[in-house]
Amino acid sequence: GIEDTREMARTYLVACAEGQASDEIIDAYLDRASEMADFVQEHSPLTWMISDFRRCYEYHPEWEGALFRGRSLYPADGENPPERRGYLLAQHLTQGVEDAGGQILLNTKATRLITRPQEDGSPEVIGVHAEGPDGEINVKAAKGVLLSAGGYDYDEEMKAAFLRIPTLYSNAAKGCDGTGIKMAMAVGAALTNMSECWGYPAYKAPGEMGWFQGFDHQEPGKIVVNRYGERFMNEGGDYDTLWRGFSAFNTWNNQDDLGWRNLPAFTIMDDAARRRYGMAYKYGDEYPEWAVSADTLADSSGERTLPL
């Protein structure tokens, strides 16, 4: 009963792509995505549900072609909370692979694509070289190799080469070290969108371990400013485009210390927002050492230990 059209979806996808995806890629996605969803459901224990009507899953619902409900799918399981749906998806996909006779090799890292020359001299990928618990192995492909490369979160050289702004931390799995991308590059694969990332602003508080804390920014009563007191983002925006704010608004400052204009950034909030959202959940009534409490902005200046 949800009204949607291919034209609406295409209009929205073209806007999201920002010129970085060809018409062929966008059309292939529109034509095949539903077939993929049906295939997964038919060959695994998974049953799809559409996105909850209480939330809008489009990152940019204000854009032409956006739809409030219907385009996002998740595993149907009434016994588990929404935050476990990712685990359920992985569990069901794993079961589908094993039921089909597939074998999943744990603690086994692919390191190189195996190729042979074709008549025109270009390489044909015919398998994968990997390192496992029992040593090195070669796997010959029956039809082809599907390379799910992952990111390069933990390769400092690749981040410096491709990303627009400094990126200190990541919550991604440690295996995202760029190996898959380098394997593809070694056999001549074309790269695209390497300057993009699925980012989210975060900080690491001094002395604290574990995952980095999400940027306290989106709730009412909060704004984010740079060192000059300038707002440079829509704090209520989606997390993926939020990080781009750090590279916007004349980010490279050609005066003073020649640093990044929006790094570091600061969240300013009133006490009601602090108590209701975010920080109070972790620290209670006590402010951490890197936060400043003052009755006025003028009183808030001074030296302090900044989170990174």
**Asked** Do the non-hydrogen side-chain atoms of M233 and N262 ever get within less than 4.5 Å of each other?
**Response** no

**Item:** Any donor-acceptor N/O pair, E58 side chain to L67 backbone, under 3.5 Å
**Value:** yes

**Request:** In sequence, state the C-alpha distance, the side-chain angles, and the governing distance for C197 and T167, and then conclude on side chain to side chain contact (heavy atoms under 4.5 Å, CB included).
**Result:** CA-CA 10 Å; C197 77; T167 305; 5.7 Å; no

**Request:** Give a yes or no on whether the backbone of A76 and the side-chain of W48 come within a donor-acceptor separation of less than 3.5 Å.
**Result:** no

**Fill in**
Rounded to the nearest 0.5 angstrom, the CG-CG distance for D134 and L105 is 10.5 Å

**Salt bridge flag under 4.0 Å for residues E7 and R10** = no

**Request:** Identify whether M36 and L30 are in the same connected component of the hydrophobic contact network (ILVMFWY, side-chain heavy atoms under 4.5 Å).
**Result:** no

**Request:** Measure across G150 and I181 and return the closest heavy-atom pair with its distance rounded to 0.1 Å.
**Result:** O-CD1, 3.8 Å

**Asked** Just wondering, more than 12 heavy atoms not from E119 lying within 6.0 Å of its CD?
**Response** no

**Request:** Report the C-alpha separation of K109 and E131 in whole Å, then their side-chain angles, then the decisive distance to 0.1 Å, and conclude whether the salt bridge (charged side-chain N to carboxylate O under 4.0 Å, His left out) test is met.
**Result:** CA-CA 5 Å; K109 181 177 182 177; E131 299 174 357; over 6 Å; no

**Request:** Is it possible for you to say whether L191 and M158 belong to one hydrophobic cluster, with membership spreading through side-chain heavy-atom contacts below 4.5 Å?
**Result:** yes

**Request:** Please check if the side chain of R227 supplies one atom and the backbone of L263 the other of a donor-acceptor pair under 3.5 Å.
**Result:** yes

**Request:** Could you give me the CA-CA distance, side-chain angles and deciding distance for R6 and D27, then say whether salt bridge (charged side-chain N to carboxylate O under 4.0 Å, His left out) is met?
**Result:** CA-CA 10 Å; R6 190 181 190 281; D27 289 334; 3.6 Å; yes

**Prompt:** Looking only at heavy atoms, what is the nearest atom pair of P75 and H92, with distance?
**Reply:** CB-ND1, 4.4 Å

**Message:** Quick check on the hydrophobic clustering: are L106 and V97 connected, directly or via other members, by side-chain heavy-atom contacts under 4.5 Å?
**Reply:** yes

**Fill in**
For P61 and A66 the tightest heavy-atom approach is O-CB, 3.5 Å

**Item:** Residue pair I50 / R69, side-chain heavy-atom distance below 4.5 Å
**Value:** yes

**Item:** side chain to side chain contact (heavy atoms under 4.5 Å, CB included) evaluation trace for V225 with I268
**Value:** CA-CA 8 Å; V225 300; I268 300 176; 3.8 Å; yes

**Pair listing, side chain to side chain donor-acceptor pair (under 3.5 Å) test, anchored in residues 186-195, at least two apart** = none

**Y154 (side chain) donor-acceptor with S170 (main chain) under 3.5 angstrom** = yes

**Item:** From D38 atom CG to H43 atom NE2, the distance as rounded to the nearest 0.5 Å
**Value:** 11.0 Å

**Asked** Can you tell if the side chain of Y152 reaches within under 4.5 Å of the side chain of D177, non-hydrogen atoms only?
**Response** no

**Prompt:** Are M8 and E64 side-chain neighbours, meaning at least one heavy-atom pair lies under 4.5 Å?
**Reply:** no

**Request:** Look at the side-chain heavy atoms of Ile, Leu, Val, Met, Phe, Trp and Tyr, link any pair under 4.5 Å apart, and say whether I2 and L73 land in one connected group.
**Result:** yes

**Interatomic distance, F266 atom CZ to I223 atom CD1 [nearest 0.5 angstrom]** = 12.5 Å

**Item:** Non-hydrogen side-chain atoms of Y12 and W63 separated by less than 4.5 Å
**Value:** yes

**Prompt:** Near D31 CG, under 6.0 Å, is it more than 12 heavy atoms from other residues, nucleotides or ligands?
**Reply:** yes

**Item:** Whether over 12 other heavy atoms sit under 6.0 Å from E157 CD
**Value:** no

**Minimum side-chain heavy-atom gap F162-E196 below 4.5 Å** = no

**Request:** Any chance you could measure L242, atom CG, to E235, atom CD, to the nearest 0.5 Å?
**Result:** 8.0 Å

**Request:** Please test D4 against R71 for side chain to side chain contact (heavy atoms under 4.5 Å, CB included), starting from the C-alpha separation and ending with a verdict.
**Result:** CA-CA 9 Å; D4 194 6; R71 291 178 181 163; 2.8 Å; yes

**Request:** Measure the CG-OG1 distance between D155 and T179 for me, rounded to the nearest 0.5 Å.
**Result:** 8.0 Å

**Prompt:** Yes or no on salt bridge (charged side-chain N to carboxylate O under 4.0 Å, His left out) for D153 and K159, after CA distance, side-chain angles and deciding distance?
**Reply:** CA-CA 7 Å; D153 302 57; K159 288 197 299 183; over 6 Å; no

**Message:** I'd like to check M183 versus V187 (side-chain heavy atoms, cut-off strictly below 4.5 Å). Are they in contact?
**Reply:** no

**Main-chain N/O of A130 paired with E136 side-chain donor or acceptor, under 3.5 Å** = no

**Request:** May I ask you to test the P133-T108 pair for a side-chain heavy-atom distance under 4.5 Å?
**Result:** yes

**Message:** List the residues meeting ring pair (Phe, Tyr, Trp, His ring centres under 6.0 Å) with Y29, not counting sequence neighbours, and say none if there are none.
**Reply:** none

**Asked** Hey, mind stepping through Q103 and E98 against side chain to side chain contact (heavy atoms under 4.5 Å, CB included) and telling me if it holds?
**Response** CA-CA 6 Å; Q103 182 182 7; E98 293 176 345; over 6 Å; no

**Message:** Quick check against the 3.5 Å criterion: does Y74 have a side-chain atom that pairs as donor or acceptor with the backbone of L89?
**Reply:** no

**Asked** Should E219 and K222 be marked as a salt bridge (charged side-chain N to carboxylate O under 4.0 Å, His left out) after you check the CA-CA gap, both sets of side-chain angles, and the distance that decides it?
**Response** CA-CA 6 Å; E219 297 86 3; K222 301 180 180 182; 3.0 Å; yes

**Item:** Shortest non-hydrogen contact between G96 and P45, atoms and distance
**Value:** N-CD, 4.2 Å

**Prompt:** Please, which pairs that meet ring-ring contact (aromatic ring centres under 6.0 Å, His included) have at least one residue in residues 118-138, sequence neighbours excluded?
**Reply:** none

**Message:** Looking at every non-hydrogen atom in both residues, tell me the closest pair between P220 and A273 and how far apart they are.
**Reply:** O-CB, 3.5 Å

**Message:** Measuring from atom CG of L88 to atom OG1 of T47, what distance do you get when rounded to the nearest 0.5 angstrom?
**Reply:** 11.0 Å

**Message:** Looking at every non-hydrogen atom in both residues, tell me the closest pair between T94 and A90 and how far apart they are.
**Reply:** OG1-O, 2.8 Å

**Message:** Check for me, please, whether V125 and L147 land in the same ILVMFWY cluster - side-chain distances under 4.5 Å, paths through other members count.
**Reply:** yes

